[in-house]
Colleague: 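First the structure, which I've put down as C-alpha coordinates, then a few questions once you've had a look.
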Amino acid sequence: MVSIRTNKFYLPLLILVIAISTSCQQGKPTDNQIDSGYVSQTPKPDWLKAANLYEVNVRQYTPEGTFNAFATHLPRLRAMGVDILWFMPVTPIGTINRKGTLGSYYSVSNYSAINPEYGTLDDFKSLVNKAHDLGMKVIIDWVANHTAWDHQWLKTNPEFYYRDQKGNFTPPHNTDWLDVVQLEYANKNLWDAMIGEMRFWLTEANIDGFRCDVAYMVPVEFWNKARTELEKVKPIFMLAEADHPELKEFAFNAGYSWTSHHAMNRIAKGEDDVSALDKYYFDENMGNYPAGTFKINFIDNHDENSWAGTVFERLGKAMPAFAVLTATAPGMPLIYSGQEAGLSKRLEFFEKDEIDWTDLKYEDFFKTLLQLKKENKALWNGVEGGNMLRINTGNDKNVLAFMRKKDKNRVLVVLNLSPDPAKIQLASETLFAGKYRDLFSSENLRIRNIHKLELDGWAYKVYVSR
(Lines give C-alpha, C1' and ligand atoms only; values in the text may rest on other atoms or scores of the structure.)
Protein backbone atom coordinates (compact mmCIF):
# COMPACT_ATOMS: atom_id res chain seq x y z
CA MET A 1 0.00 0.00 0.00
CA VAL A 2 1.24 3.53 -0.66
CA SER A 3 2.45 4.71 2.71
CA ILE A 4 4.17 7.46 4.62
CA ARG A 5 7.26 5.78 5.98
CA THR A 6 9.19 6.77 9.06
CA ASN A 7 12.91 6.57 9.74
CA LYS A 8 12.40 6.29 13.50
CA PHE A 9 14.07 3.31 15.10
CA TYR A 10 12.81 2.03 18.42
CA LEU A 11 14.63 -0.85 20.11
CA PRO A 12 13.60 -1.49 23.71
CA LEU A 13 16.67 -1.95 25.88
CA LEU A 14 15.28 -5.01 27.57
CA ILE A 15 14.73 -6.85 24.29
CA LEU A 16 18.21 -5.91 23.13
CA VAL A 17 19.77 -7.29 26.31
CA ILE A 18 17.81 -10.53 26.00
CA ALA A 19 18.78 -10.90 22.33
CA ILE A 20 22.47 -10.31 22.98
CA SER A 21 22.40 -12.69 25.93
CA THR A 22 20.79 -15.38 23.81
CA SER A 23 23.33 -14.77 21.05
CA CYS A 24 26.14 -15.39 23.52
CA GLN A 25 24.53 -18.57 24.76
CA GLN A 26 24.21 -19.93 21.21
CA GLY A 27 27.77 -19.05 20.26
CA LYS A 28 29.38 -16.31 18.24
CA PRO A 29 27.71 -15.72 14.83
CA THR A 30 29.63 -17.20 11.92
CA ASP A 31 31.44 -15.08 9.34
CA ASN A 32 28.40 -15.33 7.10
CA GLN A 33 25.94 -13.90 9.59
CA ILE A 34 24.96 -10.25 9.57
CA ASP A 35 27.12 -8.67 12.25
CA SER A 36 24.30 -6.79 13.96
CA GLY A 37 25.24 -7.73 17.51
CA TYR A 38 22.13 -9.77 18.25
CA VAL A 39 20.43 -12.88 16.94
CA SER A 40 16.77 -13.05 15.89
CA GLN A 41 14.53 -15.45 17.77
CA THR A 42 12.06 -15.55 14.87
CA PRO A 43 11.25 -19.12 13.77
CA LYS A 44 12.76 -19.90 10.37
CA PRO A 45 11.38 -22.62 8.07
CA ASP A 46 14.14 -24.49 6.27
CA TRP A 47 12.63 -23.80 2.84
CA LEU A 48 13.43 -20.08 3.18
CA LYS A 49 17.19 -20.44 2.90
CA ALA A 50 17.45 -20.47 -0.90
CA ALA A 51 14.03 -19.05 -1.83
CA ASN A 52 13.04 -16.11 -3.98
CA LEU A 53 9.75 -14.19 -4.14
CA TYR A 54 7.22 -13.30 -6.84
CA GLU A 55 4.39 -10.80 -6.30
CA VAL A 56 1.07 -11.70 -7.93
CA ASN A 57 -1.42 -8.99 -8.92
CA VAL A 58 -4.41 -11.23 -9.65
CA ARG A 59 -6.65 -8.43 -10.95
CA GLN A 60 -4.23 -7.41 -13.69
CA TYR A 61 -2.56 -10.75 -14.42
CA THR A 62 -5.07 -12.14 -16.92
CA PRO A 63 -8.10 -10.91 -18.90
CA GLU A 64 -10.32 -12.86 -16.48
CA GLY A 65 -8.53 -11.60 -13.37
CA THR A 66 -9.28 -14.83 -11.50
CA PHE A 67 -7.41 -17.47 -9.53
CA ASN A 68 -8.27 -20.12 -12.09
CA ALA A 69 -6.89 -18.04 -14.95
CA PHE A 70 -3.72 -17.27 -13.02
CA ALA A 71 -3.22 -20.96 -12.24
CA THR A 72 -2.32 -21.59 -15.88
CA HIS A 73 0.87 -19.56 -15.30
CA LEU A 74 2.08 -21.72 -12.41
CA PRO A 75 4.20 -24.15 -14.45
CA ARG A 76 5.85 -21.25 -16.29
CA LEU A 77 6.67 -19.46 -13.04
CA ARG A 78 8.05 -22.61 -11.47
CA ALA A 79 10.23 -23.21 -14.52
CA MET A 80 11.48 -19.62 -14.19
CA GLY A 81 12.65 -20.47 -10.68
CA VAL A 82 9.95 -18.92 -8.51
CA ASP A 83 9.75 -20.41 -5.00
CA ILE A 84 7.27 -18.22 -3.10
CA LEU A 85 4.14 -16.61 -4.54
CA TRP A 86 2.98 -13.49 -2.70
CA PHE A 87 -0.62 -12.67 -3.54
CA MET A 88 -1.79 -9.11 -3.07
CA PRO A 89 -4.90 -9.08 -0.82
CA VAL A 90 -7.38 -11.77 -1.83
CA THR A 91 -10.16 -10.47 0.45
CA PRO A 92 -13.34 -8.55 -0.53
CA ILE A 93 -12.95 -4.81 -1.15
CA GLY A 94 -15.11 -2.22 0.62
CA THR A 95 -17.67 -0.15 -1.24
CA ILE A 96 -18.08 2.83 1.12
CA ASN A 97 -15.68 5.63 0.10
CA ARG A 98 -14.27 3.29 -2.55
CA LYS A 99 -11.53 4.70 -4.75
CA GLY A 100 -12.11 4.28 -8.47
CA THR A 101 -14.38 1.64 -9.96
CA LEU A 102 -12.89 -1.48 -8.37
CA GLY A 103 -11.35 0.01 -5.24
CA SER A 104 -8.08 -0.59 -3.44
CA TYR A 105 -6.96 -4.14 -2.77
CA TYR A 106 -6.02 -2.89 0.72
CA SER A 107 -9.57 -1.85 1.71
CA VAL A 108 -10.62 -5.10 3.39
CA SER A 109 -14.32 -5.58 4.11
CA ASN A 110 -14.05 -9.18 5.37
CA TYR A 111 -10.85 -10.83 6.58
CA SER A 112 -12.11 -14.39 6.17
CA ALA A 113 -13.64 -14.27 2.69
CA ILE A 114 -12.51 -14.13 -0.93
CA ASN A 115 -12.91 -11.20 -3.30
CA PRO A 116 -15.68 -12.56 -5.59
CA GLU A 117 -13.98 -10.96 -8.60
CA TYR A 118 -11.18 -13.51 -8.18
CA GLY A 119 -13.36 -16.59 -7.70
CA THR A 120 -14.29 -18.65 -4.65
CA LEU A 121 -12.52 -19.94 -1.57
CA ASP A 122 -12.44 -23.37 -3.20
CA ASP A 123 -10.77 -21.81 -6.25
CA PHE A 124 -8.10 -20.32 -4.02
CA LYS A 125 -7.59 -23.58 -2.14
CA SER A 126 -7.15 -25.35 -5.46
CA LEU A 127 -4.60 -22.75 -6.53
CA VAL A 128 -2.63 -23.20 -3.30
CA ASN A 129 -2.67 -26.98 -3.75
CA LYS A 130 -1.42 -26.68 -7.33
CA ALA A 131 1.39 -24.38 -6.22
CA HIS A 132 2.35 -26.80 -3.46
CA ASP A 133 2.34 -29.71 -5.91
CA LEU A 134 4.87 -27.78 -8.02
CA GLY A 135 7.08 -27.16 -5.00
CA MET A 136 6.11 -23.52 -4.44
CA LYS A 137 4.91 -21.80 -1.27
CA VAL A 138 2.08 -19.26 -1.01
CA ILE A 139 1.80 -16.18 1.18
CA ILE A 140 -0.97 -13.58 1.17
CA ASP A 141 -0.99 -9.87 1.82
CA TRP A 142 -2.35 -9.04 5.28
CA VAL A 143 -3.76 -5.61 6.15
CA ALA A 144 -3.76 -5.42 9.94
CA ASN A 145 -3.67 -1.65 10.36
CA HIS A 146 -7.11 -0.73 9.01
CA THR A 147 -10.30 -2.06 7.41
CA ALA A 148 -12.86 -0.86 4.90
CA TRP A 149 -15.64 1.37 6.23
CA ASP A 150 -18.15 -1.42 5.66
CA HIS A 151 -16.29 -4.11 7.58
CA GLN A 152 -18.67 -5.87 10.00
CA TRP A 153 -16.52 -4.94 13.00
CA LEU A 154 -17.69 -1.33 12.75
CA LYS A 155 -21.13 -2.60 13.77
CA THR A 156 -20.30 -5.58 15.95
CA ASN A 157 -17.07 -4.34 17.57
CA PRO A 158 -16.76 -0.56 17.22
CA GLU A 159 -14.34 -0.63 20.15
CA PHE A 160 -11.81 -2.19 17.76
CA TYR A 161 -11.43 1.20 16.02
CA TYR A 162 -9.65 4.41 16.86
CA ARG A 163 -11.80 7.50 17.51
CA ASP A 164 -10.68 11.11 17.48
CA GLN A 165 -11.44 13.63 20.22
CA LYS A 166 -14.91 14.13 18.80
CA GLY A 167 -15.62 10.40 18.89
CA ASN A 168 -15.38 9.93 15.14
CA PHE A 169 -13.79 7.03 13.32
CA THR A 170 -10.90 8.22 11.13
CA PRO A 171 -8.70 7.10 8.25
CA PRO A 172 -5.18 6.01 9.26
CA HIS A 173 -3.21 8.85 10.79
CA ASN A 174 -1.37 11.24 8.44
CA THR A 175 -2.52 9.51 5.27
CA ASP A 176 -4.94 10.14 2.40
CA TRP A 177 -6.36 6.63 2.68
CA LEU A 178 -9.94 7.88 2.90
CA ASP A 179 -11.38 4.52 1.86
CA VAL A 180 -10.27 2.79 5.09
CA VAL A 181 -10.64 3.29 8.85
CA GLN A 182 -7.94 3.04 11.53
CA LEU A 183 -7.95 0.13 13.98
CA GLU A 184 -7.09 0.64 17.66
CA TYR A 185 -4.48 -1.76 19.00
CA ALA A 186 -4.79 -0.44 22.54
CA ASN A 187 -7.73 -2.84 22.66
CA LYS A 188 -6.20 -6.27 23.32
CA ASN A 189 -9.41 -8.04 22.25
CA LEU A 190 -8.61 -6.82 18.75
CA TRP A 191 -5.32 -8.73 18.95
CA ASP A 192 -7.09 -12.05 19.51
CA ALA A 193 -9.65 -11.34 16.78
CA MET A 194 -6.99 -10.40 14.23
CA ILE A 195 -4.86 -13.44 15.03
CA GLY A 196 -7.94 -15.61 14.65
CA GLU A 197 -8.54 -14.18 11.18
CA MET A 198 -4.95 -14.88 10.18
CA ARG A 199 -5.16 -18.41 11.58
CA PHE A 200 -8.18 -19.02 9.33
CA TRP A 201 -6.02 -18.83 6.20
CA LEU A 202 -3.46 -21.24 7.58
CA THR A 203 -6.02 -23.84 8.59
CA GLU A 204 -8.57 -23.42 5.79
CA ALA A 205 -6.40 -22.63 2.78
CA ASN A 206 -3.05 -24.07 3.95
CA ILE A 207 -1.08 -20.98 2.98
CA ASP A 208 2.52 -20.62 4.12
CA GLY A 209 2.68 -17.13 5.59
CA PHE A 210 1.93 -13.45 5.26
CA ARG A 211 3.30 -10.27 3.74
CA CYS A 212 2.13 -7.67 6.25
CA ASP A 213 1.14 -4.28 4.89
CA VAL A 214 2.61 -1.22 6.66
CA ALA A 215 3.72 -3.51 9.48
CA TYR A 216 5.48 -0.66 11.30
CA MET A 217 2.09 1.03 11.89
CA VAL A 218 0.99 -1.89 14.09
CA PRO A 219 2.57 -2.51 17.54
CA VAL A 220 5.58 -4.81 17.55
CA GLU A 221 4.11 -6.63 20.56
CA PHE A 222 1.07 -7.62 18.51
CA TRP A 223 3.23 -9.11 15.78
CA ASN A 224 5.30 -11.00 18.34
CA LYS A 225 2.17 -12.58 19.80
CA ALA A 226 0.73 -13.29 16.35
CA ARG A 227 3.88 -15.12 15.25
CA THR A 228 3.89 -17.23 18.42
CA GLU A 229 0.26 -18.24 17.97
CA LEU A 230 0.40 -18.83 14.21
CA GLU A 231 3.54 -20.92 14.49
CA LYS A 232 1.47 -23.43 16.48
CA VAL A 233 -0.41 -24.21 13.25
CA LYS A 234 2.59 -24.66 10.90
CA PRO A 235 6.02 -23.15 10.12
CA ILE A 236 5.46 -19.90 8.22
CA PHE A 237 7.26 -17.06 6.45
CA MET A 238 6.49 -13.55 7.71
CA LEU A 239 7.48 -10.55 5.57
CA ALA A 240 7.09 -7.00 6.89
CA GLU A 241 6.49 -4.07 4.58
CA ALA A 242 8.93 -2.16 6.74
CA ASP A 243 12.65 -1.70 7.25
CA HIS A 244 12.46 -1.65 11.05
CA PRO A 245 14.87 -4.07 12.77
CA GLU A 246 12.77 -4.46 15.93
CA LEU A 247 10.08 -6.22 13.92
CA LYS A 248 12.58 -8.96 13.08
CA GLU A 249 13.53 -9.91 16.63
CA PHE A 250 10.64 -12.31 17.28
CA ALA A 251 8.01 -11.90 14.53
CA PHE A 252 9.29 -11.36 10.99
CA ASN A 253 11.83 -13.19 8.85
CA ALA A 254 12.36 -10.35 6.40
CA GLY A 255 11.68 -6.70 5.64
CA TYR A 256 11.99 -4.27 2.76
CA SER A 257 15.32 -2.95 1.52
CA TRP A 258 14.01 0.55 0.82
CA THR A 259 17.39 2.25 1.28
CA SER A 260 19.15 0.32 -1.46
CA HIS A 261 16.07 0.54 -3.69
CA HIS A 262 15.94 4.32 -3.55
CA ALA A 263 19.71 4.50 -4.03
CA MET A 264 19.36 2.49 -7.25
CA ASN A 265 16.68 4.89 -8.52
CA ARG A 266 18.93 7.90 -7.81
CA ILE A 267 22.02 6.35 -9.41
CA ALA A 268 20.09 5.51 -12.58
CA LYS A 269 18.99 9.14 -12.87
CA GLY A 270 22.51 10.46 -12.32
CA GLU A 271 21.56 11.97 -8.96
CA ASP A 272 24.00 9.78 -7.00
CA ASP A 273 26.86 7.36 -7.54
CA VAL A 274 27.96 3.95 -6.28
CA SER A 275 29.05 5.44 -2.95
CA ALA A 276 25.36 5.40 -1.95
CA LEU A 277 25.34 1.61 -2.26
CA ASP A 278 28.75 1.28 -0.58
CA LYS A 279 27.36 3.22 2.36
CA TYR A 280 24.35 0.92 2.52
CA TYR A 281 26.05 -2.45 2.04
CA PHE A 282 29.32 -1.87 3.85
CA ASP A 283 28.96 1.03 6.30
CA GLU A 284 25.48 1.37 7.74
CA ASN A 285 22.36 -0.58 7.01
CA MET A 286 23.23 -4.18 6.25
CA GLY A 287 24.21 -4.71 9.87
CA ASN A 288 21.06 -3.36 11.48
CA TYR A 289 18.96 -6.53 11.19
CA PRO A 290 19.14 -9.33 13.76
CA ALA A 291 21.31 -12.17 12.51
CA GLY A 292 19.15 -14.85 10.92
CA THR A 293 16.81 -12.39 9.16
CA PHE A 294 17.23 -10.66 5.81
CA LYS A 295 15.97 -7.97 3.49
CA ILE A 296 13.90 -8.14 0.32
CA ASN A 297 15.72 -6.73 -2.72
CA PHE A 298 13.63 -5.32 -5.56
CA ILE A 299 13.52 -2.93 -8.48
CA ASP A 300 9.72 -3.07 -8.72
CA ASN A 301 6.57 -3.83 -6.75
CA HIS A 302 2.92 -2.77 -6.95
CA ASP A 303 3.49 0.58 -5.19
CA GLU A 304 6.54 1.53 -7.21
CA ASN A 305 4.98 0.56 -10.52
CA SER A 306 1.66 2.34 -10.01
CA TRP A 307 2.82 5.43 -8.14
CA ALA A 308 6.55 6.02 -8.71
CA GLY A 309 6.85 4.77 -12.28
CA THR A 310 7.77 1.66 -14.23
CA VAL A 311 11.26 0.19 -13.97
CA PHE A 312 12.03 1.79 -17.32
CA GLU A 313 10.87 5.22 -16.18
CA ARG A 314 12.94 4.97 -13.01
CA LEU A 315 15.95 2.94 -14.16
CA GLY A 316 15.97 3.13 -17.96
CA LYS A 317 18.83 1.18 -19.52
CA ALA A 318 20.16 0.42 -16.03
CA MET A 319 17.27 -1.95 -15.28
CA PRO A 320 19.12 -5.24 -16.04
CA ALA A 321 22.21 -4.23 -14.07
CA PHE A 322 20.17 -3.40 -10.98
CA ALA A 323 18.13 -6.58 -11.40
CA VAL A 324 21.43 -8.48 -11.26
CA LEU A 325 22.31 -6.63 -8.07
CA THR A 326 18.99 -7.52 -6.41
CA ALA A 327 19.56 -11.20 -7.21
CA THR A 328 23.17 -11.40 -6.06
CA ALA A 329 23.42 -9.02 -3.07
CA PRO A 330 22.52 -10.31 0.42
CA GLY A 331 18.77 -10.73 0.77
CA MET A 332 15.86 -12.33 -1.08
CA PRO A 333 15.07 -11.10 -4.61
CA LEU A 334 11.52 -10.03 -5.47
CA ILE A 335 10.00 -9.98 -8.96
CA TYR A 336 6.71 -8.18 -9.60
CA SER A 337 4.00 -9.41 -11.97
CA GLY A 338 4.97 -8.64 -15.56
CA GLN A 339 8.67 -7.89 -15.05
CA GLU A 340 9.55 -10.96 -17.08
CA ALA A 341 7.44 -9.52 -19.93
CA GLY A 342 9.09 -6.11 -19.77
CA LEU A 343 6.13 -4.40 -18.07
CA SER A 344 6.42 -0.86 -19.40
CA LYS A 345 3.25 0.81 -18.16
CA ARG A 346 2.00 1.89 -14.78
CA LEU A 347 -0.80 -0.48 -13.88
CA GLU A 348 -3.97 1.24 -12.72
CA PHE A 349 -4.48 0.66 -9.01
CA PHE A 350 -8.27 1.02 -8.78
CA GLU A 351 -9.29 -0.15 -12.26
CA LYS A 352 -8.84 -3.15 -14.54
CA ASP A 353 -5.57 -2.81 -16.48
CA GLU A 354 -4.17 -6.04 -17.90
CA ILE A 355 -0.53 -7.04 -18.21
CA ASP A 356 0.61 -7.72 -21.77
CA TRP A 357 2.19 -11.18 -21.94
CA THR A 358 2.87 -11.10 -25.69
CA ASP A 359 6.65 -11.10 -25.34
CA LEU A 360 8.39 -12.72 -22.37
CA LYS A 361 11.56 -10.89 -23.29
CA TYR A 362 13.16 -11.05 -19.84
CA GLU A 363 11.98 -14.48 -18.71
CA ASP A 364 15.26 -16.24 -19.54
CA PHE A 365 17.20 -13.40 -17.92
CA PHE A 366 15.35 -13.76 -14.64
CA LYS A 367 15.42 -17.55 -14.88
CA THR A 368 19.21 -17.44 -15.10
CA LEU A 369 19.43 -15.25 -12.00
CA LEU A 370 16.87 -17.18 -9.96
CA GLN A 371 18.40 -20.54 -10.75
CA LEU A 372 21.82 -19.26 -9.68
CA LYS A 373 20.29 -17.95 -6.47
CA LYS A 374 18.75 -21.34 -5.70
CA GLU A 375 21.75 -23.47 -6.61
CA ASN A 376 24.69 -21.46 -5.26
CA LYS A 377 25.03 -21.39 -1.47
CA ALA A 378 27.00 -18.15 -1.60
CA LEU A 379 23.76 -16.36 -2.57
CA TRP A 380 21.42 -17.98 -0.07
CA ASN A 381 19.40 -15.90 2.35
CA GLY A 382 20.49 -14.59 5.73
CA VAL A 383 23.04 -16.64 7.67
CA GLU A 384 22.82 -19.42 5.07
CA GLY A 385 24.59 -17.27 2.46
CA GLY A 386 27.96 -15.59 2.17
CA ASN A 387 29.14 -12.14 3.18
CA MET A 388 29.33 -9.42 0.56
CA LEU A 389 33.02 -8.50 0.16
CA ARG A 390 33.79 -5.28 -1.71
CA ILE A 391 36.53 -5.38 -4.37
CA ASN A 392 38.33 -2.24 -5.49
CA THR A 393 37.95 -1.52 -9.18
CA GLY A 394 40.01 1.59 -9.79
CA ASN A 395 36.71 3.34 -10.58
CA ASP A 396 34.67 2.80 -7.45
CA LYS A 397 32.31 5.75 -7.91
CA ASN A 398 30.92 4.18 -11.07
CA VAL A 399 31.65 0.46 -10.66
CA LEU A 400 30.47 -1.89 -7.94
CA ALA A 401 32.38 -5.17 -7.69
CA PHE A 402 31.93 -7.71 -4.95
CA MET A 403 32.48 -11.35 -4.06
CA ARG A 404 30.18 -13.62 -2.09
CA LYS A 405 31.44 -17.00 -0.98
CA LYS A 406 30.19 -19.88 1.14
CA ASP A 407 32.07 -23.16 1.51
CA LYS A 408 33.43 -23.86 -1.99
CA ASN A 409 30.89 -21.62 -3.71
CA ARG A 410 32.02 -18.24 -5.02
CA VAL A 411 30.19 -15.62 -7.07
CA LEU A 412 32.02 -12.56 -8.41
CA VAL A 413 29.84 -9.66 -9.60
CA VAL A 414 31.01 -6.59 -11.52
CA LEU A 415 28.49 -3.83 -12.33
CA ASN A 416 29.13 -0.66 -14.29
CA LEU A 417 26.49 1.57 -12.70
CA SER A 418 26.99 4.52 -15.02
CA PRO A 419 26.06 5.32 -18.64
CA ASP A 420 29.70 5.62 -19.68
CA PRO A 421 32.12 2.82 -20.67
CA ALA A 422 34.44 1.83 -17.83
CA LYS A 423 37.95 0.39 -17.71
CA ILE A 424 38.17 -1.80 -14.63
CA GLN A 425 41.03 -3.44 -12.79
CA LEU A 426 40.19 -5.88 -10.02
CA ALA A 427 43.08 -6.69 -7.71
CA SER A 428 43.41 -9.12 -4.81
CA GLU A 429 46.10 -11.53 -3.66
CA THR A 430 43.77 -14.40 -2.81
CA LEU A 431 40.14 -13.31 -2.83
CA PHE A 432 38.88 -14.14 -6.31
CA ALA A 433 41.64 -15.86 -8.30
CA GLY A 434 40.47 -19.14 -9.82
CA LYS A 435 38.42 -20.84 -12.52
CA TYR A 436 35.01 -19.34 -13.36
CA ARG A 437 32.08 -19.56 -15.72
CA ASP A 438 30.51 -16.40 -17.11
CA LEU A 439 26.87 -16.76 -16.01
CA PHE A 440 25.30 -15.26 -19.10
CA SER A 441 27.71 -16.28 -21.89
CA SER A 442 28.68 -19.67 -20.33
CA GLU A 443 32.31 -18.91 -21.27
CA ASN A 444 34.88 -20.61 -19.06
CA LEU A 445 37.81 -18.48 -17.92
CA ARG A 446 40.59 -18.25 -15.38
CA ILE A 447 40.76 -15.06 -13.36
CA ARG A 448 44.13 -14.05 -11.96
CA ASN A 449 44.96 -11.96 -8.91
CA ILE A 450 44.72 -8.93 -11.17
CA HIS A 451 41.80 -9.00 -13.59
CA LYS A 452 41.25 -6.30 -16.21
CA LEU A 453 38.05 -5.80 -18.18
CA GLU A 454 36.04 -3.14 -19.94
CA LEU A 455 32.28 -2.74 -19.59
CA ASP A 456 29.89 -0.60 -21.60
CA GLY A 457 27.57 1.74 -19.76
CA TRP A 458 25.19 -0.16 -17.43
CA ALA A 459 26.85 -3.47 -18.39
CA TYR A 460 27.55 -6.28 -15.93
CA LYS A 461 29.43 -9.51 -15.43
CA VAL A 462 28.60 -12.39 -13.11
CA TYR A 463 31.30 -15.04 -12.69
CA VAL A 464 30.56 -18.33 -10.93
CA SER A 465 33.37 -20.51 -9.59
CA ARG A 466 33.74 -23.96 -11.16
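Quick note: residue numbers are just sequence positions, from 1.
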Colleague: Would you please classify the geometry between the Tyr61 ring and the His73 ring as parallel, tilted or perpendicular, with 30° and 60° separating the classes?
Modeller: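 His73 vs Tyr61 ring planes: perpendicular.
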
Colleague: NE2 of His451 to OH of Tyr436: how many Å apart, nearest 0.5 Å?
Modeller: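 Atom-to-atom, His451:NE2 and Tyr436:OH are 9.5 Å apart.
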
Colleague: For the pair Val413 and Tyr463, evaluate side chain to side chain contact (heavy atoms under 4.5 Å, CB included) and give the outcome as yes or no after the intermediate values.
Modeller: CA-CA 6 Å; Val413 181; Tyr463 302 115; over 6 Å; no

Colleague: With a 3.5 Å distance limit and no angle check, can you tell me whether Asp164 reaches the backbone of Phe169 through a side-chain donor-acceptor pair?
Modeller: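 No; judged by distance alone, with no hydrogens or angles, the pair does not exist.
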
Colleague: Hey, do the aromatic rings of Phe298 and Trp258 have their centres closer than 6.0 Å?
Modeller: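 Yes - the distance between ring centres of Phe298 and Trp258 falls below the 6.0 Å cut-off.
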
Colleague: Would one find more than 12 heavy atoms of other residues, nucleotides or ligands at under 6.0 Å from atom NZ of Lys234?
Modeller: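 Counting other residues, nucleotides and ligands, NZ of Lys234 exceeds 12 neighbours.
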
Colleague: Taking atom CD1 of Ile424 and atom CG of Asn398, what is their separation to the nearest 0.5 Å?
Modeller: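 Taking CD1 in Ile424 and CG in Asn398, the distance rounds to 9.5 Å.
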
Colleague: Would you compute the distance between atom CG of Asn376 and atom NZ of Lys408 and round it to the nearest 0.5 angstrom?
Modeller: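 Answer for the CG-NZ pair, Asn376 versus Lys408, is 14.0 Å.
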
Colleague: Would you please indicate yes or no on a ring centroid separation below 6.0 angstrom for Phe252 and Trp223?
Modeller: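 Ring-ring flag for Trp223/Phe252: true, centres closer than 6.0 Å.
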
Colleague: Is a donor from one side chain sitting under 3.5 angstrom from an acceptor on the other, for Tyr289 and Asp243?
Modeller: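 Distance-only check passes for Tyr289 and Asp243.
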
Colleague: Yes or no on side chain to side chain contact (heavy atoms under 4.5 Å, CB included) for Arg163 and Thr170, after CA distance, side-chain angles and deciding distance?
Modeller: CA-CA 6 Å; Arg163 294 177 186 260; Thr170 72; over 6 Å; no

Colleague: Below 6.0 angstrom between ring centroids: does that apply to Tyr281 and Phe402?
Modeller: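 No: the rings miss the under 6.0 Å criterion.
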
Colleague: Which donor-acceptor pairs under 3.5 Å do side chains of residues 263-272 form with protein atoms, sequence neighbours excluded?
Modeller:
unit_1	atom_1	unit_2	atom_2	d
Asn265	OD1	Arg314	NH1	3.1
Asn265	ND2	His261	NE2	3.4
Arg266	NE	Asp272	OD2	3.2
Arg266	NH2	Asp272	OD2	3.2

Colleague: Does a side chain donor of either Glu55 or His302 reach within less than 3.5 Å of an acceptor in the other side chain?
Modeller: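 The answer is yes; a qualifying pair exists.
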
Colleague: Going by side chain to side chain contact (heavy atoms under 4.5 Å, CB included), Leu183 matches just one of Thr147, Val143, Val218. Which one?
Modeller: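 Single pass found, and it is Thr147.
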
Colleague: Which label fits Phe365 and Tyr362: parallel for a plane angle under 30°, tilted from 30 to 60°, or perpendicular past 60°?
Modeller: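 Phe365 vs Tyr362 ring planes: perpendicular.
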
Colleague: Got a salt bridge between Asp278 and Arg390, using NZ or NE/NH1/NH2 to carboxylate O under 4.0 Å?
Modeller: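 Counted as a salt bridge, because a side-chain N and a carboxylate O are separated by less than 4.0 Å.
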
Colleague: Can we say Arg346 and Glu313 salt-bridge, meaning some charged N sits less than 4.0 Å from an Asp/Glu carboxylate O?
Modeller: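 Result for this pair is yes, salt bridge flagged.
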
Colleague: Out of curiosity, Ile84 CD1 to Asp208 CG, how far, rounded to the nearest 0.5 Å?
Modeller: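 The CG atom of Asp208 is 8.5 Å from CD1 of Ile84, to the nearest 0.5 Å.
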
Colleague: Can Glu384 and Lys44 be counted as an ion pair, charged N to O under 4.0 angstrom?
Modeller: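 Looking at Glu384 and Lys44, the cut-off is met.
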
Colleague: Which class fits the ring pair Phe294 and Phe237: parallel under 30°, tilted 30 to 60°, perpendicular over 60°?
Modeller: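 Parallel, since the angle between the ring planes stays under 30°.
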
Colleague: Which atom names give the shortest non-hydrogen contact between Ala240 and Leu247, and what distance separates them?
Modeller: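 Scanning both residues, the minimum pair turns out to be CB-CD1, 4.2 Å.
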
Colleague: Tell me whether Lys295 forms a cation-pi arrangement with Tyr256, defined as NZ or CZ under 6.0 Å from the six-membered ring centre and within 45 degrees of its axis.
Modeller: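 Not satisfied by the 6.0 Å and 45° rule.
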
Colleague: Is the Trp177 to Tyr106 ring centre distance short of 6.0 Å?
Modeller: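 No.
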
Colleague: Is Lys137 atom NZ crowded by more than 12 heavy atoms from other residues, nucleotides or ligands, each under 6.0 Å away?
Modeller: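 More than 12 heavy atoms, drawn from other residues, nucleotides or ligands, come within 6.0 Å of this atom.
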
Colleague: Less than 6.0 angstrom from the centroid, inside 45 degrees of the normal: does Arg59 satisfy that with respect to the ring of Tyr105?
Modeller: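 So Arg59 does make the cation-pi contact.
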
Colleague: What distance separates Leu455 CG from Lys461 NZ, expressed to the nearest 0.5 Å?
Modeller: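 Leu455 atom CG to Lys461 atom NZ measures 7.0 Å (nearest 0.5 Å).
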
Colleague: With a 6.0 Å cut-off on ring centres, are Tyr111 and Trp201 close enough?
Modeller: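 No.
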
Colleague: Would you say that more than 12 heavy atoms from the other residues, nucleotides or ligands in this model lie under 6.0 Å from the NZ of Lys345, or not?
Modeller: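 Yes.
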
Colleague: Any side-chain donor-acceptor pair under 3.5 Å between Ser104 and Ser107?
Modeller: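 Result is no, nothing qualifies.
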
Colleague: Rounded to the nearest 0.5 Å, how far does OG of Ser112 lie from CZ of Phe200?
Modeller: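 Between Phe200 CZ and Ser112 OG, I get 5.5 Å after rounding to 0.5 Å.
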
